[in-house]
Amino acid sequence: MAAICVFCASSRTLDQRWLDLATETGAELARRGHTLVSGGGCVGMMGAVADGARSAGGRTLGVIPQALVDLEVADLRSDELLVTDSMASRKTLMIDKSDAFLALPGGLGTLDELFEVWTTATLTLHTKPMVLVDTDGFYRPLLDWLGTLADQHFLKPAGLDLLTVADSIPAALRALESRLT
């Protein structure tokens, strides 16, 4: 099956519903036979998605910069943990090691990773599928604003079309899997 990179929050102060969503995501990836590629952290949603994958027998690959290892937030239970010298090299390695990308709710780091992979797709540096999980309309204001970029010709409509939006994990994985085959 595929190596699917999940972008999500690493905050330790999230509502339980977001941690549950991440756990469900990891478990469903594993049930479908996919490898989880993550940012290599053991906290917040990032830790929950990895724990969910492992609880369902899945393989996990974490990619983390040394600075975060030094803060003792590395997922040391990962099947494979790759340590990079910077956040930039982390993103590059995550893109290289992944067949597809799934973005769960998150903050600046999640958006940074999503926009990196989306930008490189618009430049045709890769053709890997990308799905944004818009649970409970979490990303709706951002998506509305992004639509105005196309309306004002800052972004080609085809660029918007590269990102699939789904409202649930099953719908997101169906969308990814249909693009992988």
Point to revise | SB check D112 R90 (cutoff 4.0 Å) | key: no
(Q) So that I can tick it off, tell me whether K91 and E113 are bridged by a salt bridge, with the cut-off set at under 4.0 angstrom between side-chain N and carboxylate O. (A) no
Cluster question for you: counting only ILVMFWY and a side-chain heavy-atom cut-off of under 4.5 Å, with indirect links fine, are [X] and [Y] together?
| X | Y | result |
| --- | --- | --- |
| I95 | V131 | yes |
| L180 | V117 | no |
| M87 | W118 | no |

Can you tell me how far the [atom1] atom of [X] sits from the [atom2] atom of [Y], to the nearest 0.5 Å?
| X | Y | atom1 | atom2 | answer |
| --- | --- | --- | --- | --- |
| M94 | S38 | CE | OG | 6.5 Å |
| F101 | E116 | CZ | CD | 10.0 Å |
| L163 | L114 | CG | CG | 6.0 Å |
| L29 | R59 | CG | CZ | 13.5 Å |
| D15 | L21 | CG | CG | 12.0 Å |
| S10 | M46 | OG | CE | 4.5 Å |

Donor-acceptor list for residues 136-147 side chains, cut-off 3.5 Å, not counting sequence neighbours:
residue: D136; atom: OD2; partner: R17; partner atom: NH1; Å: 2.5
residue: Y139; atom: OH; partner: L104; partner atom: O; Å: 2.8
residue: Y139; atom: OH; partner: G106; partner atom: N; Å: 3.3
residue: R140; atom: NH1; partner: D144; partner atom: OD1; Å: 3.2

### Candidate pair R77 and D51, rule salt bridge (charged side-chain N to carboxylate O under 4.0 Å, His left out), full reasoning
CA-CA 9 Å; R77 296 184 312 147; D51 288 343; 2.3 Å; yes
Q.
For a quick check under 3.5 Å, do H34 and E28 share a side-chain donor-acceptor pair by atom type?
A.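 No, E28 and H34 have no side-chain donor paired with an acceptor closer than 3.5 Å.
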Quiz item: If we ignore angles and hydrogens, is there a donor and acceptor under 3.5 Å between the side chains of T119 and T122?
Solution: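 No - no donor-acceptor pair under 3.5 Å links their side chains.
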More than 12 heavy atoms of other residues, nucleotides or ligands under 6.0 Å from CG of L108: is that the case?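 Counting other residues, nucleotides and ligands, CG of L108 stays at 12 neighbours or fewer.
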A quick test of your reading: do over 12 heavy atoms of other residues, nucleotides or ligands sit less than 6.0 Å from CD of E72?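 Atom CD in E72 is not packed in, count stays at 12 or less.
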Sequence neighbours left out, cut at 3.5 Å: what donor-acceptor pairs do the side chains of residues 61-70 make with other protein atoms?
residue: Q66; atom: NE2; partner: D70; partner atom: OD1; Å: 2.7

Q) Under the 3.5 angstrom rule, does the side chain of D99 hit a backbone N or O of A2 as a donor-acceptor pair? A) no
- Query: Any sub-3.5 Å donor-acceptor pair from H126's side-chain atoms to D96's backbone N or O?
  - Reply: no
May I have the step-by-step check of side-chain contact (heavy atoms from CB on, under 4.5 Å) for F115 and T110, ending in yes or no? CA-CA 9 Å; F115 281 110; T110 302; over 6 Å; no
(request) Could you list all the side-chain hydrogen bond (donor to acceptor under 3.5 Å, both in side chains) pairs where at least one residue sits in residues 162-175, not counting sequence neighbours? (result)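 Pairs touching residues 162-175 that pass the test: none.
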Notebook entry, point to check: Can you check side-chain contact (heavy atoms from CB on, under 4.5 Å) on K97 and L82, steps first, answer last?
Noted result: CA-CA 11 Å; K97 294 285 186 181; L82 304 176; 3.8 Å; yes
